[in-house]
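Just below is one structure, and these are the notes that go with it.
Within every chain, numbering begins at 1; the chains are lettered A, B, ... in the order of the sequence lines, protein sequences first and strands thereafter. Because only heavy atoms are used, hydrogens play no part in the values below, and waters and symmetry mates are left out as well, while side chains stay in.
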Number of protein chains: 2
Amino acid sequence: MSLDTSQWNPYDRNCPSRRLLDRIGDRWTVLIIGALSDGPHRFKTITERVDGISQKMLTQTLRGLERDGLVKRTVYPVVPPRVEYELTAAGRSLCKPLAALEEWAKEHMSGVLAARETYDATTVGADA
Amino acid sequence: MSLDTSQWNPYDRNCPSRRLLDRIGDRWTVLIIGALSDGPHRFKTITERVDGISQKMLTQTLRGLERDGLVKRTVYPVVPPRVEYELTAAGRSLCKPLAALEEWAKEHMSGVLAARETYDATTVGADA
DNA sequence: TGCGTCAGTCACCAATAGTAAGTGATGTGA
DNA sequence: TCACATCACTTACTATTGGTGACTGACGCA
């Protein structure tokens with residue numbers, strides 16, 4: 001496993017790491033990885049856990065994650081179909097940073113809400 | 001500052017924390033916060049640091065960040081205009097989780113690239 | 001007089017995401 | 001026996017977002 005990270009620069013639009021960052025910083029990816037962090041789950045379970053995700057986006061995001069080697073897809077040839085998704089080692093290593101993001105969001109929620117009210121009040125005041 | 005984070009659940013689409021997570025997990029936000037992490041910068045400097053961002057998206061993202069109280073905007077009434085953007089305390093607290101994400105992306109880049117090749121090879125093989 | 005600077009805005013088009021309906025194989029109940 | 005539900009998807013269509021490039025305003029400078 002290469003630990004020479006100096007060759008990648010996400011601030012450069014042509015660097016592959018930029019695209020990777022786009023992907024993992026994606027709204028659904030954060031939630032899907034979180035939903036899978038406690039073990040394998042079926043497609044349907046994930047749609048239930050991640051409120052509001054469409055089947056299309058779930059399929060799409062899961063495919064990307066699978067392609068990137070972060071999620072493993074297992075199909076059981078039964079009817080009705082049973083497909084399980086599970087984080088790989090690389091996927092699990094992403095849990096901590098994403099959980100930190102989730103934590104941050106929860107911790108700062110009230111502060112942000114307050115900031116918004118202030119901002120909106122002053123902005124509207126400036127308009128009038 | 002409220003530390004009761006139990007009331008927020010980003011997995012619920014109606015929870016404000018979900019929108020906050022969408023926002024901070026946004027492709028430009030990650031990069032902009034990173035670009036501001038070493039101190040205040042002007043609009044133009046940020047466009048240069050964050051390769052490929054359009055003025056429109058920079059303005060838009062910065063406005064959102066300002067509204068959320070993560071970035072402070074200072075206008076110097078000179079010609080040509082001089083506007084500086086700076087992280088607030090809340091904004092700085094976001095640096096660490098986002099830097100962790102950036103680090104993760106750089107560390108796992110080569111593994112992901114390899115996984116993609118494998119995936120694409122097997123998928124194309126299955127098509128043929 | 002006219003060009004350059006900076007921090008935007010605006011109008012327009014392309015790409016992406018969301019919605020809702022359809023599919024295929026099969027077990028179950030009426 | 002025959003329609004219905006289940007599950008994991010596709011597909012077609014629409015709405016929302018994002019990107020592009022031109023334009024603005026105030027002034028210094030040649």
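Note on A:Q60: a side-chain N or O is less than 4.0 Å away from OP1 or OP2 of C:dA17. Phosphate contact (OP1/OP2 of C:dG18, side-chain N/O of A:R27, threshold under 4.0 Å): present. Applying the 4.0 Å criterion to OP1 and OP2 of D:dT17, one finds that B:W28 has every side-chain N and O outside that range. Phosphate contact (OP1/OP2 of D:dA26, side-chain N/O of B:Y76, threshold under 4.0 Å): absent. The side chain of B:R82 contributes no N or O atom lying less than 4.0 Å from OP1 or OP2 of D:dC27. A:R13 has no side-chain polar atom (N or O) that falls below the 4.0 Å cut-off from OP1 or OP2 of D:dG19.
When distances are taken from the side chain of B:M57 to each of C:dG8, D:dG19, C:dT5, the shortest belongs to D:dG19. Of the listed nucleotides (C:dT5, C:dA7, C:dA17), C:dT5 has the atom at the smallest distance from the side chain of B:P80. Side-chain atoms of B:D26 lie closest to D:dG18 of the nucleotides D:dC9, D:dA26, D:dG18. Looking at the side chain of B:V83, the nearest of the listed nucleotides C:dT9, C:dA7, C:dG24 is C:dA7.
Distance, B:K56 NZ to C:dC6 P: 23 Å, rounded to whole Å. Computed from coordinates, the B:K44 NZ to C:dT5 C1' distance equals 8 Å when rounded to whole Å. Atom C1' of nucleotide C:dA7 and atom OH of B:Y85 are separated by 7 Å, given to the nearest angstrom. Straight-line distance from the CD atom of A:E48 to the C1' atom of D:dC7: 11 Å, rounded to whole Å. A:R42 has its CZ atom 11 Å from the P atom of D:dC9, to the nearest Å. For the pair B:F43 CZ and C:dA7 P, the interatomic distance rounds to 7 Å; values are reported in whole Å. One can place CZ of A:R63 at 15 Å from C1' of D:dT11, the figure rounded to the nearest angstrom. Put simply, CG on B:L62 is 11 Å from C1' on C:dG8, counting in whole angstrom units.
Salt bridge absent: A:R18 and A:D12 never bring a charged side-chain N and a carboxylate O closer than 4.0 Å. With respect to the salt-bridge test (charged N to carboxylate O, under 4.0 angstrom), the residues A:D38 and A:R49 qualify.
Within a 6.0 Å radius of CD in B:E117, no more than 12 heavy atoms belonging to other residues, nucleotides or ligands are found.
In the helix from C:dT1-D:dA30 to C:dA30-D:dT1, the rotation axis of the first five pairs and that of the last five pairs differ in direction by 30°, rounded to 10 degrees.
Nearer the 5' end of DNA chain C, as judged by each residue's closest nucleotide, is the contact made by A:I53, out of A:I53 and A:V79.
Between A:I46 and A:I53 the shortest side-chain heavy-atom distance does not fall below 4.5 Å. At a threshold of 4.5 Å between non-hydrogen side-chain atoms, the residues B:E66 and A:Y119 count as touching.
Checking B:E102 against A:Y11 by side-chain atom types alone, a donor-acceptor pair falls below 3.5 Å.
The backbone N or O of A:L70 sits less than 3.5 Å from a side-chain atom of A:T88, completing a donor-acceptor pair. Checking side-chain atoms of B:R82 against main-chain N and O of B:Y76 turns up no donor-acceptor pair under 3.5 Å.
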